[in-house]
Amino acid sequence: MNKIITLGCSLTEQPGLANKLSELLDMHLFNLAQGSGDNLLQIEKIQDFMLDNDIKKDDIIVWQITDVTRRHKNVMIDQWETVKDIQRKFYTPKDVPHFYLKRRNLIDKKRRIVLLNNSPDIESIEHDENATLHTIISTMIMLDKMCKLYVWFGWDKVLSPEQFEVFSKMLKIKKIAFNKEFYVNWAHDNRYNFRYDHLHPDQECAEVFAEKILYKDLIKKLKIKEKHHI
């Protein structure tokens with residue numbers, strides 16, 4: 001069975017969107033999206049995935065771009081107790097965790113802890129947005145040669161207008177399929193309900209957007225035969 005691999009932030013991680021795409025495409029889902037994650041982290045997650053899994057030419061990667069100002073930091077496992085203590089002190093059970101555990105490193109066999117964009121230690125990290133976008137586009141070009149790649153954007157402020165112009169132009173030049181519809185803006189414009197935090201469209205909206213916007217566009221641009229669902 002072919003795979004659909006989804007990348008992104010909490011918009012893709014939360015129930016609804018990725019699951020609906022998997023159902024419509026009749027593909028096995030690997031949802032690598034990470035709440036409070038950044039775009040470079042998604043590159044690390046797909047790299048980790050490739051260490052343990054094959055990606056074939058008919059598999060699909062659906063990559064949701066999140067805020068380019070976001071960042072993360074990898075720390076060693078010996079900081080585990082400190083990281084957990086920060087979670088207990090500064091976050092409620094409803095909050096997205098400020099960290100997650102990576103797979104064991106191939107060389108030293110040790111796990112790393114990823115401090116996410118909502119971690120208090122992240123603000124001190126230097127971040128070059130345009131270098132990040134350079135890396136993302138280069139990675140997309142490589143992935144698009146391995147399998148089917150489809151790109152979309154979480155909301156209209158994930159990139160500046162200038163960044164979006166260059167980014168979308170490069171996607172066009174490299175013939176990488178993408179959708180210009182901004183999900184959160186679309187949800188507001190169409191008066192859908194949002195989750196308790198008023199930031200994320202609810203599951204119904206996620207499923208409608210997946211079916212009516214992403215799926216219809218994806219099968220057209222990737223030249224995939226549409227499945228007939230009862």
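Residue numbers run from 1 in the order of the sequence given.
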> Flag the pair Glu44 / Asn74 as yes when at least one side-chain heavy-atom distance between them is below 4.5 Å, and no otherwise.
yes

> I'd like to know if the side chain of Gln87 reaches the main chain of His98, judged simply by a donor and an acceptor atom lying under 3.5 Å from each other, with no hydrogens or angles considered.
yes

> Heavy atoms, side chains only, cut-off 4.5 Å: are Phe153 and Asn179 in contact?
no

> Contact between Ser10 and Gln34 at the side-chain level, heavy atoms closer than 4.5 Å - yes or no?
no

> Does the side chain of Asn19 come under 3.5 Å of the side chain of Ser22 through a donor N or O and an acceptor N or O?
no

> Tell me whether Asn118 contacts the main-chain N or O of Val96 through its side chain, where contact means a donor paired with an acceptor under 3.5 Å.
yes

> Can Tyr150 and Tyr215 be said to form a ring pair (Phe, Tyr, Trp, His ring centres under 6.0 Å), step by step?
CA-CA 10 Å; Tyr150 183 81; Tyr215 173 68; over 10 Å; no

> For a 4.5 angstrom cut-off between non-hydrogen side-chain atoms, does Thr6 reach Trp63?
no

> Quick one: do Met146 and Ile5 end up in the same hydrophobic cluster if we chain Ile, Leu, Val, Met, Phe, Trp and Tyr together by side-chain heavy atoms under 4.5 Å apart?
yes

> With side chains defined as the heavy atoms from C-beta onward, is the minimum distance between Leu171 and Met140 less than 4.5 Å?
yes

> Would you be so kind as to tabulate the donor-acceptor pairs closer than 3.5 Å made by side chains of residues 187-194, with sequence neighbours excluded?
unit_1: Asn190; atom_1: ND2; unit_2: Trp186; atom_2: O; d: 2.8

> Report yes or no: does Arg112 contribute a side-chain atom to a donor-acceptor pair with the main-chain N or O of Leu101 at less than 3.5 Å?
no

> Are the side chain of His127 and the backbone N or O of His72 linked by a donor-acceptor pair below 3.5 Å?
no

> In terms of side-chain heavy atoms, does Gln14 have a donor or acceptor partner in Arg195 at a distance below 3.5 Å?
yes

> Compare all side-chain heavy atoms of Gln64 with those of Leu11 and state whether any distance is below 4.5 angstrom.
yes

> Identify the heavy atoms of Asp58 and Lys148 that sit nearest to each other, and give their distance.
OD1-CE, 3.8 Å

> Should Leu41 and Tyr100 count as side-chain neighbours, where that means a heavy-atom distance under 4.5 Å?
yes

> Any side-chain heavy atom of Thr66 sitting closer than 4.5 Å to one from Trp155?
yes

> Does any donor atom in the side chain of Glu13 or Asn31 lie under 3.5 Å from an acceptor atom in the other side chain?
no

> Say whether, by atom type as modelled, one donor and one acceptor occur between the side chain of Asp59 and the main chain of Lys3 under 3.5 angstrom.
yes

> Decide whether Asn185 and Asp156 meet the rule of one side-chain donor and one side-chain acceptor closer than 3.5 Å.
yes

> Are His198 and Tyr196 close enough that their ring centers fall under 6.0 Å?
no

